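Chain A is the first sequence line, chain B the second, and so forth, proteins listed ahead of strands; every chain is numbered from 1. Note that this is a predicted model, so its numbers are computed, not measured.
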Protein chains: 2
Amino acid sequence: MANTQDSLSLTFSALADPTRRAILTRLARSDATVGELGEPFDMSAPAISKHLRVLEGAGLIAREVDARWRICRLRAEPMHDAHDWLEAYRRHWEDNLDRLVEFVEQTHRADAKKPGKGAPRVPRKKP
Amino acid sequence: MANTQDSLSLTFSALADPTRRAILTRLARSDATVGELGEPFDMSAPAISKHLRVLEGAGLIAREVDARWRICRLRAEPMHDAHDWLEAYRRHWEDNLDRLVEFVEQTHRADAKKPGKGAPRVPRKKP
DNA sequence: CTGTCGATTAACCAAGTGGTTAATTGACGA
DNA sequence: TCGTCAATTAACCACTTGGTTAATCGACAG
């Protein structure tokens, strides 16, 4: 389990599992013990432990010992970086939406001419 | 390679690899052939092919055949969902920042009293 | 028809992932 | 001191992942 990945990869990788996302969602409500976190899932305690280790490794949670309980706390900062990375693509998904709308409109008035400005049709070099 | 995962998991999982993120970044500039996409990486063609398959499986790219070239096009829509999911946590990473600032300020004027409103210190039930 | 080029598929491999059960640790309460 | 409870570690398993090389496919140019 020696992970020398960049933090963005660690973050996305940690978020790629539904169980872990659900755990984070639960933690967004309030801190919780490992037992409380695992309770909703039909899964053994060690499995939950491993998920928590992954989340901790990505810096998405912190654990604090309280007697024989481990209190887990959400640390959302790494999500900020992921969010920022995605933000850079906003223009693209909005563009695609625009193009879809445009296409539907065009189709609707049965004006099937001109391919629209769309994505710059890649000019293929054919040697 | 039979994947029956939810699309959010597929998206995050696809984004968890630096090579794939770099490919997406390249595609944000313009469409490109598989060869063009692979050129920056010290990696065999089949390896690139596999990465592209993962991206396609997550709906993050589309491929279109042009003679013997495969033109890859960015499809950013799935990022929108991921972005939205993360957005729900914005409050938390901003809160954490606030708390950090607060902590630093407190420490600075050496006023170590009152624990601050912080995260609601989890009330442990000790039976 | 044949050679070549872009790309994919096939077969393989090492390492990682997500889960299990059994054993271990550490902090109580009786 | 002893039993119990929260949680983790150890050992194991099946499957996936990220990479490799070798072989294949399809579209062209001579």
Side-chain angles (χ1 to χ4, degrees), chain A residues 1-6 9-23 27 31-58 60-73 122 124-127, chain B residues 1-6 9-24 27 31-58 60-73 122-127:
Chain A
M1 277 185 176
N3 239 334
T4 19
Q5 297 201 301
D6 62 293
S9 296
L10 282 176
T11 303
F12 280 131
S13 176
L15 295 179
D17 185 283
T19 303
R20 286 194 294 262
R21 286 200 305 279
I23 289 176
L27 283 178
D31 298 355
T33 66
V34 173
E36 287 165 350
L37 288 176
E39 186 267 330
F41 306 101
D42 184 19
M43 200 176 294
S44 66
I48 299 294
S49 237
K50 285 190 181 184
H51 281 305
L52 293 179
R53 180 199 303 287
V54 172
L55 289 171
E56 195 175 31
L60 286 163
I61 66 168
R63 264 137 146 187
E64 164 186 342
V65 181
D66 176 6
R68 52 184 155 170
W69 290 275
R70 267 70 165 185
I71 317 289
C72 299
R73 190 171 64 255
V122 69
R124 205 90 311 278
K125 52 172 185 238
K126 304 187 183 179
Chain B
M1 275 185 177
N3 239 335
T4 19
Q5 296 201 302
D6 62 295
S9 295
L10 282 176
T11 304
F12 280 131
S13 174
L15 295 178
D17 184 282
T19 302
R20 287 194 295 262
R21 286 199 306 277
I23 289 176
L24 292 173
L27 284 177
D31 296 357
T33 66
V34 174
E36 288 165 349
L37 288 177
E39 187 266 330
F41 306 101
D42 183 20
M43 201 178 293
S44 67
I48 299 293
S49 238
K50 286 190 181 186
H51 281 305
L52 293 178
R53 179 198 302 287
V54 172
L55 289 171
E56 195 174 31
L60 286 164
I61 67 169
R63 264 135 144 189
E64 164 186 340
V65 180
D66 178 4
R68 52 183 153 170
W69 289 273
R70 267 70 164 185
I71 317 289
C72 299
R73 191 172 63 257
V122 70
R124 205 90 311 277
K125 53 171 184 241
K126 303 189 184 178

Quiz item: For the residue pair B/L27 and B/R73, what are the closest heavy atoms and their distance?
Solution: CD1-C, 4.5 Å

Practice problem: Report the residues that fulfil salt bridge (charged side-chain N to carboxylate O under 4.0 Å, His left out) with B/E56, sequence neighbours left out, ordered by chain and then residue number. | Solution: B/R63

Quiz item: Rounded to the Å, how far apart are A/L52 CG and D/dT9 C1'?
Solution: 15 Å

Practice problem: Only counting residues at least two apart or in another chain, list the ones meeting side-chain contact (heavy atoms from CB on, under 4.5 Å) with B/S13. | Solution: A/A16

Exercise. Quick one: list whatever passes side-chain contact (heavy atoms from CB on, under 4.5 Å) with A/A58, sequence neighbours left out.
Key: A/L10, A/A14, A/L60

Exercise. Let me know the distance between CE of A/M43 and P of D/dT8, rounded to the nearest Å.
Key: 15 Å

Quiz prompt | B/R20 side chain reached by B/V54 side chain, heavy atoms, under 4.5 Å | solution = yes

Quiz item: Rounded to the Å, how far apart are A/R53 CZ and D/dA7 P?
Solution: 15 Å

Exercise. Indicate yes or no for a side-chain donor-acceptor contact from A/E36 to the backbone of A/T33 under 3.5 Å, with no hydrogens or angles considered.
Key: yes

Exercise. Verify, without hydrogens or angle tests, whether B/D6 (side chain) and B/S9 (backbone) share a donor-acceptor contact under 3.5 angstrom.
Key: yes

Quiz prompt | Carboxylate-amine/guanidinium proximity below 4.0 Å for A/E64 and A/R70 | solution = no

Quiz item: Can you tell me if the side-chain N/O atoms of B/H51 get under 4.0 Å from OP1 or OP2 in D/dG19?
Solution: yes

Exercise. Specify the separation, in whole Å, of atom CG of B/L10 and atom P of D/dT16.
Key: 13 Å

Quiz prompt | Closest non-hydrogen atom pair between B/L52 and B/I61, with its separation | solution = O-CD1, 3.6 Å

Self-check item: Between D/dT21 (P) and B/I48 (CD1): distance, integer Å
Solution: 14 Å

Quiz item: Can you tell me if the side-chain N/O atoms of B/S49 get under 4.0 Å from OP1 or OP2 in C/dA7?
Solution: no

Exercise. Measure from the side chain of B/A47, starting at C-beta and using heavy atoms only, and say which of C/dA7, D/dT20, C/dT20 lies closest.
Key: D/dT20

Quiz item: Can you give one letter per nucleotide of nucleotides 22-27 of chain C, going 5' to 3': B for a protein heavy atom under 4.0 Å from the base, S for sugar-phosphate only, - for none?
Solution: B---BB

Quiz prompt | Residue whose nearest DNA chain C nucleotide is more 5′ - A/S44 or B/G35 | solution = B/G35

Quiz item: Expressed in angstrom and rounded to an integer, what is the separation of A/Q5 atom CD from C/dG16 atom C1'?
Solution: 10 Å

Quiz item: Roughly, in whole Å, what's the span from CG in B/L37 to C1' in C/dT8?
Solution: 15 Å

Exercise. Report yes if some heavy atom in the side chain of B/C72 is under 4.5 Å from a heavy atom in the side chain of B/L37; otherwise report no.
Key: yes

Self-check item: For atom CZ of B/F41 and atom P of D/dG19, their distance in whole Å
Solution: 10 Å

Quiz item: What's the spacing between A/H51 NE2 and A/F41 CZ if we round to 0.5 Å?
Solution: 8.0 Å

Practice problem: Identify, residue by residue, the members of residues 12-20 of chain B with a heavy atom below 4.0 Å from DNA chain C, and return them in order of residue number, or none. | Solution: none

Practice problem: With rounding to the nearest 0.5 Å, note down the distance linking CZ in A/F12 to CG in B/D17. | Solution: 12.0 Å

Self-check item: End axis versus end axis in the helix from C/dC1-D/dG30 to C/dA30-D/dT1, the angle rounded to 10°, five pairs used at each terminus
Solution: 0°

